[in-house]
Engineer: 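Let me begin by handing over the structure; questions about it come next.
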Amino acid sequence: MTDSDVRLRAALDQVPSYIPGKPAAAQDGVTAYKVSSNENPYPPLPSVLKVVQEAAATINRYPDMAVTELTQALADSLEVPVEHIATGTGSVGVLGQVITATCDPGDEVVYAWRSFEAYPIVTALAGATSVQVGLDERARHRLDAMRAAITDRTKVVIVCTPNNPTGPMVTHTELERFVDAVPSRVLVVVDEAYVEFVTGDDAPRSLELYRQRPNVMVLRTFSKAYGLAGLRVGYAVAHPPVASALRKTATPFGVSSIAQAAAVASLAAFDELKERVDALVAERTRVVGALRGQGWAVPDSEANFVWFPLGHRSGDFAAAAQQAGLTLRQYGNDGVRATIGEREANDVLVRVAGEFLRSST
Ligand SMILES: *Cc1c(COP(=O)(O)O)cnc(C)c1O
């Protein structure tokens, strides 16, 4: 090997690496569960698998670059014009397109922290600057502080609701007051990757806010409730000219033909998928209730995961869970996130959490 003289952009030095959820670790005599990536524990629906197999027969051809059928299906189900839909390789892909379309080096992107770890990555890749606003003591967004963090350099504000990895949502009342206060030149991205799991009162009606304001857009995905994480398909609902900028910045042919077909079939099968979402929500309620009964101060979760604000004990807890077969997601010394998985995995989580409390008090 010789040293490389290839010159890379200095901005890359600021890009943190995405740390994916670890795979489940096999151990003798212990069932392993991967509850580290907020994936849907249910296998694909037979009707979805069938169109995936059919689409596989034509993979010698490029996909439909305009993503026509899926875009139309989304526009119909959301009751928005087709020109307001932009698709991408997962909503992370679309978010990257948002930042590429809006930010020059030195521009600022405001978002809560802790939040989704893709935010600092896509921001730094554009050479833009992250302005992170700490969550409150209930692990919720501090929208007033986020408003106050907006400067002349701010191009984008991201609101993650429900917030990954902590779980709470912002309310519609809060979000409406916030978007009313944000200057109309700043793009507000409402990241709703977990919207299908929301059951709380005064849930954000983000599409209503987008309809009323050209600077508000919504980001959604097929990866979580729809169970298509492996296929990489997400979308934005945005006014022109934002939506057309997102089409310009998309990877050409990025959404594969298999992903397009599976997403269309999943929209059509939403009633069936909704039963699974409801079952996961019921499990979330059961798990949060059990944990609080044990004495845990877990924040409210409107998504398919629970947050343990463990501070310096995060590593110990993640290790104890691993011993019991559960691969959780540890966030340094902030806390640990556990995805609501199959019932057996959730039972192990509650058991491990109870034992951990008893052994540490
Ligand atoms: C999982 C997730 C996404 C979606 O990721 P995909 O790229 O669509 O798989 C977006 N935002 C948040 C906050 C997430 O947790």
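All ligand and atom numbering here is 1-based and tracks the order in the structure. If you're wondering where the values come from, they're calculated on a predicted model, not measured in any experiment.
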Engineer: What is the ring orientation for W296 with F308, classed by angle as parallel under 30°, tilted 30 to 60°, or perpendicular over 60°?
Structural biologist: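 Perpendicular, since the angle between the ring planes exceeds 60°.
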Engineer: By number and element, which atoms of ligand 1 are closer than 4.0 Å to a non-hydrogen atom of K224?
Structural biologist: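 Listed by number with element: 1 (C), 2 (C), 3 (C), 4 (C), 14 (C), 15 (O).
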Engineer: Going by the order shown, which atoms of ligand 1 are within less than 4.0 Å of some heavy atom of C160?
Structural biologist: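 Result: 13 (C).
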Engineer: Do E342 and Y33 come close enough that some side-chain heavy atom pair is under 4.5 Å?
Structural biologist: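 The answer is yes, as the side chains (C-beta and beyond) meet within the 4.5 Å cut-off.
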Engineer: Under 4.0 Å, heavy atoms only, figure out whether ligand 1 is touched by the backbone of N164, its side chain, both or neither.
Structural biologist: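 Contact part for N164 vs ligand 1: side chain (C-beta onward).
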Engineer: Output a table of donor-acceptor pairs, distance under 3.5 Å, between side-chain atoms of residues 156-164 and any protein atom two or more places apart or on a different chain; print 'none' if there are none.
Structural biologist:
{"residue": "T161", "atom": "OG1", "partner": "V170", "partner atom": "N", "Å": "3.0"}
{"residue": "N163", "atom": "OD1", "partner": "S115", "partner atom": "OG", "Å": "2.6"}
{"residue": "N163", "atom": "ND2", "partner": "R114", "partner atom": "O", "Å": "2.9"}
{"residue": "N163", "atom": "ND2", "partner": "T166", "partner atom": "OG1", "Å": "2.9"}
{"residue": "N164", "atom": "OD1", "partner": "R337", "partner atom": "NH1", "Å": "2.7"}
{"residue": "N164", "atom": "ND2", "partner": "Y194", "partner atom": "OH", "Å": "3.4"}

Engineer: Can you list the ligand 1 atoms lying under 4.0 Å from a non-hydrogen atom of S223?
Structural biologist: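 Once the distances to S223 are compared, the set is 6 (P), 8 (O), 9 (O).
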Engineer: Check whether any N or O atom of G234, backbone or side chain, sits under 3.5 Å from an N or O atom of ligand 1, and answer yes or no.
Structural biologist: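 No - when backbone and side-chain N and O of G234 are compared with those of ligand 1, no distance drops under 3.5 Å.
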Engineer: Applying a heavy-atom cut-off of 4.0 Å, say which part of Y194 lies close to ligand 1: side chain, backbone, both or neither.
Structural biologist: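 The part of Y194 near ligand 1 is the side chain, not the backbone.
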Engineer: When you look for heavy atoms under 4.0 Å from ligand 1, do you find them on the side chain of A193, its backbone, both, or neither?
Structural biologist: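 It is the side chain that touches ligand 1; the backbone stays farther off.
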Engineer: Assess whether a salt bridge exists between R211 and E208, defined as any Lys/Arg side-chain N lying under 4.0 Å from an Asp/Glu carboxylate O.
Structural biologist: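 Salt bridge flag = no for E208 with R211.
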Engineer: Quick one: nearest non-hydrogen protein atom to atom 7 (O) of ligand 1, plus distance?
Structural biologist: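 I find the closest protein heavy atom is R232 NH2, 2.6 Å.
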